[in-house]
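Heads up, the thing below is written out as structure tokens.
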There are 2 protein chains.
Amino acid sequence: MAAKTKNPVQAAAPAPAAATLPPYRLTEQVGHLLRRAHQRESAIFQDNMGDAATPTQFAALAMLTERGPLSQNHLGRLIAMDPATIQGVVQRLGERKLVDRVPDPVDKRRFLVRLTRRGVEAYEAMEDRARAVTRETLSPLEPDEQAQFIALLKRLG
Amino acid sequence: MAAKTKNPVQAAAPAPAAATLPPYRLTEQVGHLLRRAHQRESAIFQDNMGDAATPTQFAALAMLTERGPLSQNHLGRLIAMDPATIQGVVQRLGERKLVDRVPDPVDKRRFLVRLTRRGVEAYEAMEDRARAVTRETLSPLEPDEQAQFIALLKRLG
DNA sequence: CTCCTGTTGTTCGTATACGAACGAGTGTGG
DNA sequence: CCACACTCGTTCGTATACGAACAACAGGAG
């Protein structure tokens, strides 16, 4: 159901053109809904992962697994994080020995960030749970709706 | 693992139990996509609003406009914010004189948070721009897709 | 009334998130 | 070779975001 519907039901004040705008309802706005959906996903993530990693930290580990060692800023760009943000994330992963930093031989400004043995193991132990997080997050939707939602969501990036 | 590795190119049928799981791609996960979409919306919001208010602050002003004076925690619940978070938001709105706190006559624990004159004016000056933010955020989608996206997003709340 | 439970708002600690400014290094144009 | 623009990673300041713990108060059971 989505077309040029006439919808006589909600016509509270069909007034002339420039007249009454529909009221602004915060709970109808994309921004608010996106914020809440993201909030919910984070909560589900934490329920499933406990202290293993935050969503952001897991994203870094996943990208390093996918792409191998990367410079810090490059890693940040791949997962959409500010240099200032990725700095803290890498630092905390380093403190927990999940990640390593070696100077780049060619470019003295850079460090190559790479997974340690512990980092690889930690990631492998989390991947299944990460899949479960995605499933649980999308569980209010039917399978075809899930695919549609993901497709639309990608186009807002 | 025995059996014949038939390897049907891309059969619609999901592989049997122990077979290869599809690789985990961070950029396909709802969590990551939600985070990025929310990020983009925040950026659009800031472009349109400048220093007038943050998305969170605007949400508080909008809800106070919709519902009138509210206790701090109640306001927080309506816009999905922790008591610890709404505390800071109300405080900063108070420092900018957009909001006011009067003790609740019936319940000595509570304060009623309400818009000041300046708060009302500030909100009114922002509402149109907030509508523009929603439009711009959803602009990569066709109108019917926008409606569908919003409908699906609501069900993930 | 007293005790108990739950709510209200606060504070602390931690983790994103990003703008702005910075020193150090790189690469290009001249 | 030098000057200049750009990049890399860092730091500071500010604003969410939330768990945990807290004192003060509210409302009901006994």
Side-chain angles (χ1 to χ4, degrees), chain A residues 31-32 34-47 49-60 70-96 98-99 101-113, chain B residues 31-32 34-47 49-60 70-96 98-99 101-113:
Chain A
H32 187 70
L34 281 173
R35 178 173 158 275
R36 294 191 53 175
H38 180 235
Q39 240 173 25
R40 171 168 168 276
E41 194 274 341
S42 295
I44 292 173
F45 188 97
Q46 206 185 338
D47 282 353
M49 297 293 191
D51 288 343
T54 64
T56 320
Q57 289 167 6
F58 177 79
L70 295 165
S71 87
Q72 186 173 294
N73 280 8
H74 189 190
L75 171 59
R77 281 190 296 271
L78 289 173
I79 55 182
M81 283 181 216
D82 215 65
T85 300
I86 192 66
Q87 196 275 337
V89 174
V90 166
Q91 185 190 320
R92 283 182 285 277
L93 288 174
E95 286 165 2
R96 295 176 48 194
L98 302 181
V99 138
R101 291 170 22 140
V102 288
D104 186 318
V106 261
D107 190 332
K108 290 196 191 102
R109 294 167 302 177
R110 274 188 261 196
F111 290 96
L112 282 182
V113 181
Chain B
H32 188 70
L34 282 172
R35 177 172 158 278
R36 294 192 54 175
H38 181 235
Q39 240 174 24
R40 172 167 168 275
E41 194 274 341
S42 294
I44 293 172
F45 188 97
Q46 205 186 335
D47 282 353
M49 297 294 191
D51 288 342
T54 64
T56 322
Q57 289 167 7
F58 177 78
L70 295 166
S71 86
Q72 187 173 293
N73 280 7
H74 189 190
L75 170 59
R77 281 190 296 270
L78 290 173
I79 55 182
M81 283 180 215
D82 215 63
T85 301
I86 191 67
Q87 197 274 338
V89 175
V90 167
Q91 184 189 321
R92 283 182 285 276
L93 288 174
E95 286 165 3
R96 295 176 49 194
L98 302 181
V99 138
R101 291 171 21 140
V102 288
D104 185 319
V106 263
D107 190 332
K108 288 196 192 102
R109 294 167 303 176
R110 272 189 264 196
F111 291 94
L112 283 182
V113 181

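In what follows, every chain begins at residue 1, and chains take the letters A, B, ... in the order their sequences are listed. Since we're looking at a predicted model, the values are computed, not measured.
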Of the listed nucleotides (D/dT10, C/dT16, C/dT10), which one gets closest to any side-chain atom of A/Pro83? D/dT10

If each of A/His74 and B/Ala80 is mapped to the nucleotide of DNA chain D with the nearest heavy atom, which maps nearer the 5' terminus, i.e. the 5' end? A/His74

Can you check whether A/Arg96 has a side-chain N or O nearer than 4.0 Å to OP1 or OP2 of C/dA15? no

Could you check how far CG of B/Asp107 sits from C1' of D/dG27, rounded to whole Å? 10 Å

Between C1' on D/dG19 and CE on A/Met49, what's the gap in Å once rounded to a whole number? 19 Å

May I ask you to say what A/Ser71 touches in the nucleic acid, namely base, sugar-phosphate or nothing, with a heavy-atom cut-off under 4.0 Å? sugar-phosphate

Closest heavy-atom pair and its distance - A/His74, A/Leu70: ND1-CD2, 3.7 Å

Expressed in angstrom and rounded to an integer, what is the separation of B/Phe45 atom CZ from D/dA15 atom C1'? 13 Å

For the pair made of CG in B/Asp82 and C1' in C/dT16, what is the distance, rounded to whole Å? 15 Å

Side-chain contact check for A/Thr54: nearest option of C/dT10, C/dT26, C/dT16 is C/dT16

Could you check how far CD1 of A/Ile86 sits from C1' of D/dT11, rounded to whole Å? 16 Å

Can you tell which of C/dA17, C/dA15, D/dG19 lies closest to the side chain of B/Ala84? D/dG19

Using a heavy-atom cut-off of under 4.0 Å over every strand shown, decide if A/Thr85 touches base, sugar-phosphate, or nothing. base

Interatomic distance where CZ belongs to B/Arg36 and C1' belongs to C/dC18 [whole Å]: 16 Å

C/dT16, OP1 or OP2 - any side-chain N/O from B/Gln39 closer than 4.0 Å? no

Remember a base hit wins even if backbone is also touched, and classify B/Gln57 as base, sugar-phosphate or nothing at under 4.0 Å, heavy atoms. sugar-phosphate

Separation of B/Asn73 atom CG from C/dT7 atom P, in whole Å? 11 Å

Do you know which of A/Gln91, A/Arg110, A/Arg77, A/Arg101 makes side chain to side chain donor-acceptor pair (under 3.5 Å) with A/Gln72? A/Arg101

With nearest nucleotides of DNA chain D determined for A/Arg35 and A/Arg109 from heavy-atom distances, which residue corresponds to the more 5′ nucleotide? A/Arg109

Main-chain N/O of A/Leu34 paired with B/Glu41 side-chain donor or acceptor, under 3.5 Å: no

What is the separation between atom CE on A/Met81 and atom P on D/dC8, rounded to the nearest whole Å? 17 Å

Heavy-atom pair of closest approach, residues A/Val89 and A/Ala60: CG1-CB, 4.3 Å

Using only side-chain N and O atoms of A/Gln91, determine if any of them is under 4.0 Å from OP1 or OP2 of D/dT10. no

For B/Arg96 and B/Ala53, which heavy atoms make the closest approach, and how far apart are they? NH1-CA, 4.3 Å

Indicate yes or no: at least one non-hydrogen side-chain atom of A/Ile79 is less than 4.5 angstrom from one of A/Ile86. yes

Answer with base, sugar-phosphate or nothing: what part of the nucleic acid does B/Val106 contact at a heavy-atom distance below 4.0 Å? sugar-phosphate

Choose from D/dG19, C/dT8, C/dA15 the nucleotide whose nearest atom is closest to any side-chain atom of B/Arg77. C/dT8

Tell me which nucleotide among C/dT16, D/dT10, D/dC25 gets nearest to the side chain of A/Gln87. D/dT10

